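Data block below; observations after.
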Amino acid sequence: MADPKGFLTTPREEWPRRPVEERARDWDEVYVPGALLPIIEKQADRCMDCGIPFCHEACPLGNLIPEWNDLVSRDDWRRASDRLHATNNFPEFTGRLCPAPCEAGCVLAINQPAVTIKNVECAVADRAWEDGLTPPRVPDRLSGRSVAVIGSGPTGLAAAQQLTRAGHTVVVYERDDRLGGLMRYGIPSFKMEKHHLERRIGQMRAEGTKFRTSVVVGQDVGAAELRARHDAVVIATGATAWRELDLPGRELTGIHQAMEYLPLANRVGEGDLERSPLSAAGQHVVIVGGGDTGADCLGTAVREGAASVTQLDIYARPGAERDEDTEPWPTYPKVYRLSAAHEEARDLRTAPSAQADARLFAASTLRFDGDDQGHVRSLHVVEVDAGRRTLDESGRDLPADLVLLALGFSGPDRHDGLVDQFGLGLEPRGTLARGPDFGTNVPGVFVAGDAARGQSLIVWAIAEGRAVAASVDSYLTGIPSRLPAPIGPYDRPMIA
């Protein structure tokens with residue numbers, strides 16, 4: 001603890017965002033370049049080095065937060081990087097994309113603004129790359145065993161890196177033409193520029209991980225063939241089966257799933273397309289769904305030049321402070337948060353009919369209405385209570401040329417044949433069944449990440465990848481693994 005009074009003398013200061021008018025015209029990350037390092041040592045000083053650091057428990061990775069906070073405050077970036085990477089394969093991803101449940105569990109947050117844990121993490125990760133502190137870790141010897149990892153999202157990449165470093169030959173199979181899963185084609189560049197992803201993949205290639213893109217397991221290569229090639233298989237395909245909204249007018253053109261819309265915008269950024277076929281330019285856009293995916297659609301539509309953008313959230317607007325009765329510390333509270341996309345929509349006044357920013361809270365869609373050509377032109381919404389009962393029968397119509405459904409995901413997509421070919425068991429909610437060792441009902445086949453857990457956070461995805469790697473390593477060697485296993489398959493976030 002470098003400054004025992006830091007939490008008393010230093011106010012919380014976050015990484016500043018670029019001006020809205022500037023950043024809404026490009027696809028670069030929203031934060032001011034270089035503005036984090038000058039403030040981060042003082043912010044790390046605010047960490048109290050608690051005797052029982054609840055931030056550990058709030059983070060499924062078990063990040064050693066007080067340790068690397070102390071090292072950053074002492075300007076010891078090398079050791080801070082070592083402690084950070086001891087529990088997290090990809091801190092530059094989580095430092096940008098995670099909603100930071102660790103900060104909700106910060107002891108200081110009981111009665112003060114929490115330590116900026118997420119910003120410190122990101123600063124350490126970026127500084128580590130700048131100073132050459134993240135060289136490839138090539139294994140000393142190879143085990144002679146081979147593992148197939150299906151999916152290159154954060155779970156698959158974490159599992160692959162851990163198993164490669166343990167000496168196994170790992171091949172990652174990815175259905176898309178580029179690696180990264182949702183981080184590549186789901187997450188917009190203004191949240192995380194793709195060079196961060198490319199840099200880690202380059203590190204993994206240098207360590208010996210092999211990648212096969214544009215390979216759909218279940219179609220391009222069958223389950224039997226994959227099992228014959230490899231000694232073990234890790235399924236990390238994510239939960240890609242999106243939820244539907246079965247309402248009158250759903251058949252109208254112009255209504256799309258968020259994960260039909262976002263990948264096309266990302267492909268424009270990759271140079272594959274000059275213009276997205278679903279571009280929001282000049283369109284009245286309505287996003288159904290109040291979560292992070294909806295906010296990603298919002299920020300994307302703003303940058304594409306939408307005529308208006310409104311986001312519908314079926315829940316009531318939360319308060320500014322946590323409700324200690326229903327969501328006591330250290331659980332992650334549902335409070336009003338203003339993401340970069342919402343800040344942009346608010347300041348640019350993209351949704352004149354919405355409250356405060358682009359969101360309409362306690363709003364439920366009843367139907368879609370279209371024109372004579374069968375294209376959506378409006379949707380009808382009503383106000384609802386906490387039980388989703390209608391409060392205002394009359395409701396109102398919102399103009400809509402493009403409707404984006406961001407309602408979450410129910411489990412893995414089964415259209416590729418992977419589940420049926422492997423003969424995998426399913427849970428009642430549609431996710432893949434597994435045992436306490438992450439193993440499925442098929443010997444040598446393991447499952448991790450959202451495909452089994454259900455839709456979750458990137459920190460849980462990486463933790464699952466690290467944990468399944470330990471189980472696979474034990475399966476292949478026949479002895480307890482030395483790889484860390486931060487969580488079990490049945491662990492869940494802290495809730496009241």
Side-chain angles (χ1 to χ4, degrees), residues 241-261 280 283-298 301 306-323 325-327 332-339 341-342 345-346 349-372 374-410 428-430 454-455 495-496:
W242 51 59
R243 294 190 177 98
E244 258 299 342
L245 194 60
D246 188 14
L247 294 175
R250 175 62 181 90
E251 75 284 354
L252 295 167
T253 57
I255 304 174
H256 299 275
Q257 289 283 347
M259 288 311 298
E260 294 175 306
Y261 171 72
Q283 306 286 303
H284 294 289
V285 181
V286 177
I287 302 160
V288 184
D292 288 342
T293 301
D296 292 344
C297 291
L298 174 65
S308 70
V309 194
T310 306
Q311 184 180 7
L312 306 182
D313 191 332
I314 201 167
Y315 297 104
R317 175 173 172 167
E321 304 291 336
R322 80 160 69 232
D323 186 331
D325 293 328
T326 60
E327 298 173 316
Y332 189 75
K334 185 175 179 59
V335 297
Y336 179 75
R337 296 179 174 89
L338 192 69
S339 72
H342 293 119
R346 179 199 65 187
R349 301 183 182 277
T350 69
S353 61
Q355 310 154 346
D357 50 45
R359 285 171 283 191
L360 269 179
F361 291 98
S364 178
T365 306
L366 288 190
R367 68 175 185 271
F368 304 103
D369 296 312
D371 58 22
D372 294 339
H375 195 287
V376 68
R377 291 303 175 204
S378 67
L379 78 166
H380 190 76
V381 299
V382 294
E383 185 180 0
V384 295
D385 62 15
R388 303 190 181 183
R389 293 178 293 266
T390 301
L391 295 175
D392 178 9
E393 294 289 348
S394 60
R396 58 171 156 164
D397 292 321
L398 297 177
D401 307 310
L402 175 63
V403 176
L404 302 173
L405 305 180
L407 303 170
F409 306 89
S410 59
R429 60 179 179 154
Q455 183 178 336
I495 59 174

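Since the structure is predicted, the reported quantities are computational estimates derived from the model, not experimental observations.
Between Gln311 and Phe361 the shortest side-chain heavy-atom distance does not fall below 4.5 Å. Contact of the Val384 side chain with the Ser364 side chain is registered, since non-hydrogen atoms from C-beta on lie closer than 4.5 Å. The closest side-chain heavy-atom distance from Ile287 to Thr310 is not below 4.5 Å. The side-chain heavy atoms of Val376 and Asp369, taken from C-beta on, include no pair separated by under 4.5 Å. No side-chain heavy atom of Ile255 sits less than 4.5 Å from a side-chain heavy atom of Thr253.
Under a 3.5 Å cut-off, the side chain of His375 and the backbone N or O of Leu402 do not form any donor-acceptor pair. Asp323 places no side-chain N or O within 3.5 Å of a backbone atom of Glu327 that could act as its donor or acceptor partner. Between the side chain of Arg243 and the backbone N or O of Phe409 there is at least one donor-acceptor pair closer than 3.5 Å. Ser378 places no side-chain N or O within 3.5 Å of a backbone atom of Ala400 that could act as its donor or acceptor partner.
Among residues two or more places apart in sequence or in another chain, the salt bridge (charged side-chain N to carboxylate O under 4.0 Å, His left out) test is passed with Asp385 by Arg389. Scanning for side-chain contact (heavy atoms from CB on, under 4.5 Å) contacts around Ala258 gives Thr293, Cys297, Ala406, with sequence neighbours left out. Residues that satisfy the side-chain contact (heavy atoms from CB on, under 4.5 Å) test with Pro399, not counting sequence neighbours, are His284. Under the salt bridge (charged side-chain N to carboxylate O under 4.0 Å, His left out) criterion, Asp313 pairs with no residue at all, not counting sequence neighbours. Applying the side chain to side chain donor-acceptor pair (under 3.5 Å) criterion to His256, with sequence neighbours excluded, gives no partner residue. Residues that satisfy the side chain to side chain donor-acceptor pair (under 3.5 Å) test with Arg250, not counting sequence neighbours, are Glu244.
Tyr332 and Arg322 are not linked by any side-chain donor-acceptor pair at a separation below 3.5 angstrom, with hydrogens and angles left out of the test.
A salt bridge links Asp401 with Arg377: the distance from a Lys NZ or Arg NE/NH1/NH2 to an Asp or Glu carboxylate oxygen falls below 4.0 Å.
Rounding to the nearest 0.5 Å gives a distance of 10.5 Å between CZ of Arg396 and CG of Leu379. Rounding to the nearest 0.5 Å gives a distance of 5.0 Å between CD of Gln257 and CG of Leu405. Put simply, CD on Gln455 and CG on Leu407 are 10.0 Å apart, with the number rounded to the nearest 0.5 Å. Note that CG of Leu252 and CZ of Arg367 are 12.0 Å apart. Values are rounded to the nearest 0.5 Å. To the nearest 0.5 angstrom, Asp357 atom CG is 13.5 Å from Arg337 atom CZ. Distance CG/Leu298 to NE2/His342: 5.0 Å, rounded to 0.5 Å.
Around the CD atom of Glu321, the shell of radius 6.0 Å holds no more than 12 heavy atoms that belong to other residues, nucleotides or ligands.
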Checklist line | Verdict with supporting geometry, Val381 and Leu312, side-chain contact (heavy atoms from CB on, under 4.5 Å) | finding: CA-CA 9 Å; Val381 299; Leu312 306 182; 3.6 Å; yes
